[in-house]
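Following: one structure in structure tokens, then a few remarks.
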Amino acid sequence: MQAPPRRFHVAGSSQLTTFDFLSVPDQTETLFQSLNRQSADDFTAGDDDHDANALFGTLRGNVVGLRYYSGVVNKNEMVSLVRQPDNPYDRNAVQVNNVYGDQVGHIKKELALPMAYIMDNKLAKVEGIVPFGTTNAFSMPVQLHFWGKEEHKASVVERLSRSGFKLCPPSKSTGFETSSYGAGSMLVPKSFRVSPGCLPVVQMTADQLKNEFDKLFEDVMDTKGQMMEPAEAVGTVLLAHQKQALAWMVSRENNNDLPPFWEQKNDIYYNLLTNFGVKERPERVLGGILSDDMGLGKTLSMIALILTNFHKGMPLPLEKIDDEETTKGDIPLSVATLGGLQKKTTEEPNEKVKTDEAVKSTEVSAGSSRSKRQKAKVTYTYSSDSEGSIDGVSPKKKSKAEQKQGKNKGGSSKGRVSSPMECFDFAAALETSAAASTSKRKVKKKGAVANAEMKGRATLIICPLSVLSNWIDQFEQHVRPNVKLSVYLYYGSDRSRDPSFLSSQDIVVTTYNVLAADFGNKNDSPLHKVDWLRVVLDEGHTIRNPNALQTKAVLDLKAERRWVLTGTPIQNSLKDLWTLISFLKLKPFTVKEWWNRTIQRPSMMGDPEGFRQALIKSITLRRTKASKINGRPVVELPERKVFIQHITLSEEEKQLYESVRKEGRTVIGRYFSEGSVLTNYADVLAILVRLRQLCCHPHLFGSSALTVDSKDDATPSELRERLINKMNLVLGSGSDEECAICLDSLRSPVITYCAHVYCKPCICQVIRAEQNAKCPLCRAEIKVDQLVEYPVEKNTSESLETKDKWLPSSKVDALMRVLLKLREEDSSVKSLVVSQFTKFLSLIEIPLREAGFSFARLDGSMSQKKRAAAIQAFQNSERGTPTIMLLSLKAGGVGLNLTAASRVFLMDPAWNPAAEDQCFDRCHRLGQTRDVIITKFIVKDSVEENMTRIQKKKRDLAERAFESKNTNEMKQARIDEIRTLMDI
DNA sequence: ACCGCCGGGTGCC
DNA sequence: ACCGCCGGGTGCC
């Protein structure tokens, strides 16, 4: 390891560039190391003026002192210019470096004088290209481009002219002869065009860019899409798209191609974008981005890769455990002792992994096809956990970790740490595809000998804490029980910090937090001392911010192959893509300057969107649930049927409903005639909520007055209270109202003085946008300081009071009838009972209890811990576990997996049909084995029926939301809605 | 000879 | 560096 380069910050100036004082790199340092070094340095340089996009002009300068430096450049090669203020001969010195950061020379001092001023004061970014004369021994010309903000142009021009230099305007030729791009130039393929004017930047169209990247990141999507069977050790049969992913990933890891934008000509490798050339072959880029939709089994695909492609397509050599051994109980840590991590309790023992039937239906999901006996075989080694203050885990999470520890200790032997001896040596691995027959003894012997050269066996997986347990769980599920895979959980304060131990593992799993904490603890990060075979970033978008410590920590890891897993498409700008590109070590883009000059800026000038998409598309493999392979969808889910069950209210209910409706109609009718519907929108909504509640159960109906008359003489605090009350009416029952600005569900709702509820960020944006902002719904004047926020309150005592005065309702009766019948027919069927009113869920609990149902509950008020427990209990298929989940419509994110249920009862319709669909997807998703039947209860001749009518309109409106942000149209739509709802 | 010219030494910042 | 610059040698052509 070379000593870290000394870096100097220029004190007292705005100059932030750091530079490398080792003008001649250590002889032992390869060019690639030197590039890596640069890349690391680049982070400390304060960047990033992306708005510096005006080209002031160009200038021919000279690079001198070539003979003192080893850095070489090619014709038309880009060079970077770095200030060197501590130069003993000239404080204005400007270094000229090539793409790999090796110094080529200096800018001649006369020009260095104004350049130093311009660079130090950040008046312009100066970039260089050496047009010719690259073989000169003493000096060579350099074409300089000055980029910056328009307002700095004048002073740049002035500074230069003061020293007798004149910028050539960008539109004119700058003496950068186009002839140099002629037939004589072997570096620039014809397909690459030179942009017009004096911009000698080799620009590519999006298509050309894509082609280049495709050389590396082959797009398996629409084409033949090869499939590959995983290694024997993978116990789960892969789905077609997972086999494709495996084939793609294996080929990505074993590929021998030059990285994109590199070309070989006569023993020299040229980078097409920078014209940089080296004798050494550029390092291969092994890895990529797997961006399949949530639920398509990225984790399984990655596990398959780890086991299948250890070296040159050979599987990871793993010791097999025969059955005798497994039953002896000397398994270091059975999964059972890990229970705290993820209570994957039992499944139907009669389903075997190997039966095709089971495989087809269970896929990657819940592993509902593993018997207990089979499970207890993956070797887990991990540190016991005590408070890892170091990793910044929240107390809540910690307590979860403590549980883990508790269980661990309770288990047999305390977390045995598998010794490096148990691992197979590298050489042996190459000879035998799977060291299945190797005896334990032999292995130990060999392992001891080969330990020294055992470099890069282990895969490091970094993930957010929330999915840590999932990884452990997935290894358990998908790795055949008779192979011994060492998975080390690098987490908790007792974790082993021995690099040689870590590198002897098959897999090490840790979190971004732990990694960053170690990295922050200066020069003592065990994970950074290991040469990993593979580094895998789960939820890769976590490293979007290049300044974050965790990002730096991740980029600093040493690995042969690198993967990014992300469930969300990469939606951000090219700029955000840079961290990922940098992580993948696509040279020379690991250095920000080259990324900016060759990709970022050229894309800005052309078609950034197309450019970005081409880049992303070519670099990633992404499939959605809708993707097809050979015309068949990637995921074939069981059917989903939606039925509407109409409810007729009892006479009593009807009377109550009608009286409230009449009252409401009168009120709203008055608003209509006054033309003040929208001014009183909160009241209108409150009336509607009440009617919706009455459709469900009379007890949901609150006791406060229907309308809250707003008098103008109210004191501010009275007004405030009244507004909060109104908001309570609208939001309090857990219903799903939406913001008229973003048309989405309310996030941090606020109410205006004119009583309209919006998302706080949405309305604040509106207010900021114009001087005298008006309420989008009623045009009343609004101000930020008049917005009233919805108080975060907890009221859970109410459900108790309703207990004693329980009476049924038509809707609840209907639900109970279906549930009872269902239980009779097939007691294994589980159901979701969904409502927007959490209070309603509480009411439903009563008859459920009476009928002896075992049920779980999930709503937004529950702690993370309680949620996990509820989900776990429900997903468990054992006898006696809950068969019903009471679910509040919007609880849980898209990730919520409730596949144990195959029936859904939607107790009340939502405003937003998308919210309903999302809810259905919680059980209608990968892992669902039965057809899903959804029942919507809709009260006849009621506001509910009208709501379903509106849902369709809503869908249209949402689709057009982009074109028309027209408030008038929205207003009219609202008014129409209310008319429909109230039959006015 | 307070010049010009020649030729060798030399050369980044 | 096939330059420019410097400084010493030299001096009609």
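Numbers restart at 1 for each chain; the letters A, B, ... are given by sequence-line order, proteins then strands. These numbers come from the heavy atoms of this one structure, side chains and all, not from hydrogens, waters or symmetry mates. All figures in this text were calculated on a predicted structure; none of them were measured in a lab.
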dG4(B) to dG11(C) separation - C1' atoms, rounded to the nearest Å: 10 Å

May I ask you to decide whether E263(A) forms a salt bridge with K265(A), counting only side-chain N to carboxylate O separations under 4.0 Å? yes

Ion pair check, E283(A) and K585(A), cut-off under 4.0 Å: no

With C1' as the reference atom in both, quote the distance from dT10(B) to dC5(C) in angstrom, rounded to an integer. 9 Å

Which glycosidic conformation, syn or anti, is assigned to dA1(C) if syn requires a torsion within 90° of zero? anti

Please state the C1' separation for the pair dA1(B) and dC6(B) - nearest whole angstrom. 15 Å

For H528(A) and F519(A), take the angle between the two ring planes, folded into 0 to 90°, and tell me which bin it lands in: parallel under 30, tilted 30 to 60, perpendicular over 60. tilted

Which class fits the ring pair Y100(A) and F276(A): parallel under 30°, tilted 30 to 60°, perpendicular over 60°? tilted

To the nearest 0.5 Å, what is the distance between CE on M119(A) and CG on N92(A)? 11.5 Å

Applying side chain to side chain contact (heavy atoms under 4.5 Å, CB included) between L537(A) and each of I543(A), I461(A), I289(A), report the one that passes. I543(A)

Across every strand shown, the nucleotide meeting Watson-Crick or G-U wobble geometry with dG11(C) (both distances under 3.5 Å) is dC3(B)

Restricting both atoms to N or O, compile the protein contacts to nucleotides 10-13 of chain B shorter than 3.5 Å, with distance only.
{"residue": "dC12(B)", "atom": "OP2", "partner": "Y68(A)", "partner atom": "OH", "Å": "2.7"}
{"residue": "dC12(B)", "atom": "O2", "partner": "H106(A)", "partner atom": "ND1", "Å": "2.8"}
{"residue": "dC12(B)", "atom": "N3", "partner": "Y69(A)", "partner atom": "OH", "Å": "3.1"}
{"residue": "dC13(B)", "atom": "OP1", "partner": "K109(A)", "partner atom": "N", "Å": "3.0"}
{"residue": "dC13(B)", "atom": "OP2", "partner": "K109(A)", "partner atom": "NZ", "Å": "3.4"}
{"residue": "dC13(B)", "atom": "O3'", "partner": "D90(A)", "partner atom": "OD2", "Å": "2.5"}
{"residue": "dC13(B)", "atom": "O2", "partner": "N87(A)", "partner atom": "ND2", "Å": "3.1"}

